[in-house]
Amino acid sequence: MENTVDAVTDLGLDPSGGSPVNGKLESALSGMSNTRVTFPSDGTFALSEHLSAIPEGPIELIGNGCSFVIPAGKEMKSLTLVLPSGSLVHDIVIDQSAKGALQELSIQSEGVVRADNVTIKGYAPAKPSDSDNGGVDAMFSPIARTGKAVIRVTNFTAVGGTAAGTHNESDLPESSPENTLGSPMGIWIGQSNEGTIQLANPKLRGWSNGIYGGRTTGRVEVRGGTFVNNFNALTRLGGGSVVDGVSGLLDDRQWSDKGPFKIGHQGVYFARVDAKKGNQTDPITFKNCKVVAKSMREGASLFEWESASGPGTIRNCHITNHLDRPVITGKSPSAPAATNILVDQCLIDGSSSAAVMEIQDRPQSKIQQTCIKLSNAGPDDIQGATIGSGVSFGKQCKSGSGLSKPKKVGSGGNISSLPAPNGSVRTGASASSGGDSRWAGKLLGGLAVVPLIGIAVIALPLIIGLLLLGGVTFGGLLLFFKKLI
């Protein structure tokens with residue numbers, strides 16, 4: 001960034017929380033370009049209402065762990081940042097821990113931006129479904145506004161949770177307590193999103209869906225992270241998405257708020273493939289996942305393919321099922337293309353006596369190279385899918401069978417080779433790259449061009465001199481370049 005400004009000394013923000021920062025911060029950000037804004041690590045910045053900013057060029061907000069505080073009893077969007085490509089939001093806390101406070105953070109872009117180490121602090125109360133809640137649907141709603149846009153979010157944390165089981169149930173009478181409150185989601189990725197949302201190592205607990213991204217036609221990548229007791233699903237996504245290296249727990253004995261309500265009006269799942277208004281044609285992929293289902297009162301299965309969902313794969317996942325319900329269910333599809341489900345190289349164990357797969361009208365669905373160590377499980381527990389080679393049950397499972405790469409299970413996954421912004425993170429006098437060694441593929445390929453160009457520029461006079469001397473053959477030139485690179 002060309003310029004660095006201090007949020008307190010240069011922008012005049014009150015770091016004590018005594019005066020709201022809305023006016024000064026919104027005005028400063030909206031006219032900003034190529035500027036880094038640094039905040040004090042112990043800063044507490046009060047927000048009185050929704051703050052929306054559209055900078056003119058790329059910016060970096062370096063929070064150093066500072067907090068933006070939502071006032072008690074206030075339901076509102078907190079920050080909506082529509083950022084130019086190359087922007088960065090780093091190390092901020094949105095604090096909704098005051099009684100009755102409820103917020104939603106949104107980061108949007110038509111380019112490639114990053115948000116690192118963003119934390120939502122505090123419990124989110126459920127609110128009456130007919131109340132004006134300031135448009136709050138989730139703790140966080142990233143929007144990649146074009147098909148080429150990418151928003152990469154690393155280490156997003158929201159573990160305060162909300163009231164379990166409340167979800168505006170249309171099949172219940174209006175007087176029913178379950179039908180009077182609505183609970184917020186963890187992360188919402190809706191129809192406005194057209195590009196790619198990358199979520200690296202998120203931590204989400206106790207929300208009404210940990211991640212709900214089934215209605216976007218874009219792509220959602222979840223790489224690593226921890227998901228605990230999010231109802232109706234820990235992850236709820238559509239076609240084209242990837243869930244790689246995550247760890248998920250279903251255990252209603254550890255619910256953040258047991259409440260007076262039943263848990264999950266549609267049941268609670270590790271994954272719901274739900275593309276009702278999203279991508280129904282491309283396959284969804286679950287790989288390297290660690291799933292443990294200990295206790296949960298309602299739900300049809302651990303993985304469920306809804307009717308409006310296409311094909312998918314579960315590969316190299318360790319799934320432990322102690323619930324009285326199948327591991328995988330697939331409803332009769334309404335999706336327009338292929339709808340087959342493949343289970344490959346998995347280990348499925350636990351004390352459940354329920355079926356492994358119950359698939360309806362999805363021909364070519366298959367399970368293969370998988371070890372099943374469930375109570376009394378056998379071939380009859382695979383319904384609606386072909387049993388391929390390498391499937392074994394109980395004592396037939398050989399040591400180490402099933403998982404092809406056991407060390408990758410729950411290991412965090414790999415960020416795909418998508419373009420990265422050219423941001424950096426500065427704290428005090430030190431500076432470090434804003435990138436990540438896992439940003440490989442196209443990024444590394446593109447960066448590799450830079451040293452090659454530099455080598456060519458440095459070597460060109462030498463090559464010309466050698467040619468003038470007449471002592472270098474074409475083969476010699478090739479060998480010379482090989483040694484340089």
Asn155 CG to Leu199 CG distance, which is reported to the nearest 0.5 Å: 11.0 Å
Residues Phe303, Phe286; criterion ring-ring contact (aromatic ring centres under 6.0 Å, His included); working and verdict: CA-CA 10 Å; Phe303 294 76; Phe286 299 93; 5.4 Å; yes
Side-chain touch Glu60/His90, heavy atoms, less than 4.5 angstrom: no
side-chain contact (heavy atoms from CB on, under 4.5 Å) between Glu221 and Thr196, intermediate numbers included: CA-CA 8 Å; Glu221 296 187 15; Thr196 298; 4.3 Å; yes
From CA spacing to verdict: salt bridge (charged side-chain N to carboxylate O under 4.0 Å, His left out), Lys276, Glu306: CA-CA 8 Å; Lys276 187 180 298 181; Glu306 299 288 330; over 6 Å; no
Close side-chain approach of Leu105 to Val118, heavy-atom, < 4.5 Å: yes
Flag, side chain of Ser97 to backbone of Asp95, donor-acceptor distance under 3.5 Å: no
Close side-chain approach of Pro333 and Trp305, heavy atoms under 4.5 Å: no
Asn230 side chain vs Gly206 backbone, donor-acceptor pair below 3.5 Å: yes
Pair Ser301, Thr329: side-chain N/O donor-acceptor within cut-off below 3.5 Å: yes
Side chain to side chain donor-acceptor pair (under 3.5 Å) between Gln369 and Ser389, worked out: CA-CA 6 Å; Gln369 304 298 328; Ser389 62; 3.2 Å; yes
Gln364, CD: over 12 other non-hydrogen atoms inside 6.0 angstrom: no
Identified side-chain contact (heavy atoms from CB on, under 4.5 Å) partner of Leu204 from the options Asn229, Ile187, Asn209: Ile187
Salt bridge (charged side-chain N to carboxylate O under 4.0 Å, His left out) partner of Asp344, chosen from Lys405, Arg315, Lys287: Arg315
Minimum-distance pair of heavy atoms, taken over all atoms of Ala101 and Pro125: O-CD, 3.5 Å
Lys121 side chain reached by Phe68 side chain, heavy atoms, under 4.5 Å: no
Side chains of Asp91 and Asn64, donor plus acceptor under 3.5 Å: no
Heavy-atom closest pair, residues Leu237 and Ile284: CB-CD1, 3.8 Å
side-chain contact (heavy atoms from CB on, under 4.5 Å) assessment of Ile70 paired with Ser78: CA-CA 7 Å; Ile70 311 301; Ser78 56; 3.8 Å; yes
Side-chain ion pair, Arg145 and Glu194, N-O less than 4.0 Å: no
Reported OG-to-CG distance for the pair Ser295 and Asp252, which is rounded to 0.5 angstrom: 3.5 Å
Lys290, NZ: over 12 other non-hydrogen atoms inside 6.0 angstrom: yes
Sub-4.5 Å side-chain heavy-atom contact between Phe393 and Asp381: no
Residue pair Ala377 / Ile372: nearest heavy atoms and the distance that separates them: CB-CG2, 3.8 Å
Counterpart residues, ring-ring contact (aromatic ring centres under 6.0 Å, His included), relative to Phe156 (two or more places apart): Phe140
Residue list, side-chain hydrogen bond (donor to acceptor under 3.5 Å, both in side chains) with Thr281, at least two apart or on another chain: Asn279
Ser109 side-chain N/O to Gly111 backbone N/O, donor-acceptor pair under 3.5 Å: yes
Short side-chain to backbone donor-acceptor contact, Arg236 and Arg272, under 3.5 Å: no
Check: Val112 main-chain N/O paired with Ser85 side-chain donor or acceptor under 3.5 Å: yes
Student check: side-chain heavy atoms of Asp137 and Glu104 closer than 4.5 Å: yes
Under 3.5 Å: donor-acceptor pair, side chain of Asn201, backbone of Gly224: no
Any donor-acceptor pair under 3.5 Å from Thr339 side chain to Pro311 backbone: no
Separation between CZ of Arg362 and CD1 of Ile341, rounded to the nearest 0.5 Å: 4.5 Å
Shortest non-hydrogen contact between Gly160 and Trp207, atoms and distance: N-CZ2, 3.9 Å
Side-chain (Ser309) to main-chain (Ala275) donor-acceptor, under 3.5 angstrom: no
Side-chain heavy atoms of Val356 within contact of Pro326, under 4.5 Å: no
side-chain contact (heavy atoms from CB on, under 4.5 Å) between Leu403 and Val409, worked out: CA-CA 9 Å; Leu403 299 173; Val409 174; 4.1 Å; yes
Interatomic spacing from OG in Ser365 to CE in Met357 - rounded to 0.5 Å: 6.0 Å
Closest heavy-atom pair and its distance - Glu358, Ala355: OE2-CB, 3.7 Å
Derivation of the side-chain contact (heavy atoms from CB on, under 4.5 Å) call for Leu79 and Ile94: CA-CA 9 Å; Leu79 304 175; Ile94 309 293; 4.1 Å; yes
Ile120 side chain near Gln103 side chain, heavy-atom distance below 4.5 Å: yes
Flag for Gln360-Ser332: side-chain donor and acceptor within less than 3.5 Å: no
Rounded distance (nearest 0.5 Å) linking atom CG of Asn193 with atom OG1 of Thr216: 4.0 Å
Interatomic distance, Phe270 atom CZ to Cys289 atom SG [nearest 0.5 angstrom]: 4.5 Å
Contact list for residues 297-392, test disulfide bond (SG atoms under 2.5 Å apart), sequence neighbours left out: Cys371-Cys397
Flag, side chain of Thr154 to backbone of Ala200, donor-acceptor distance under 3.5 Å: no
Shortest non-hydrogen contact from Leu102 toward Ala124: CD1-CB, 3.6 Å
Residue that, paired with Ile348, satisfies side-chain contact (heavy atoms from CB on, under 4.5 Å) out of Val327, Asn321, Val291: Val327
Polar contact flag, side-chain donor to acceptor under 3.5 angstrom, Ser352-His322: no
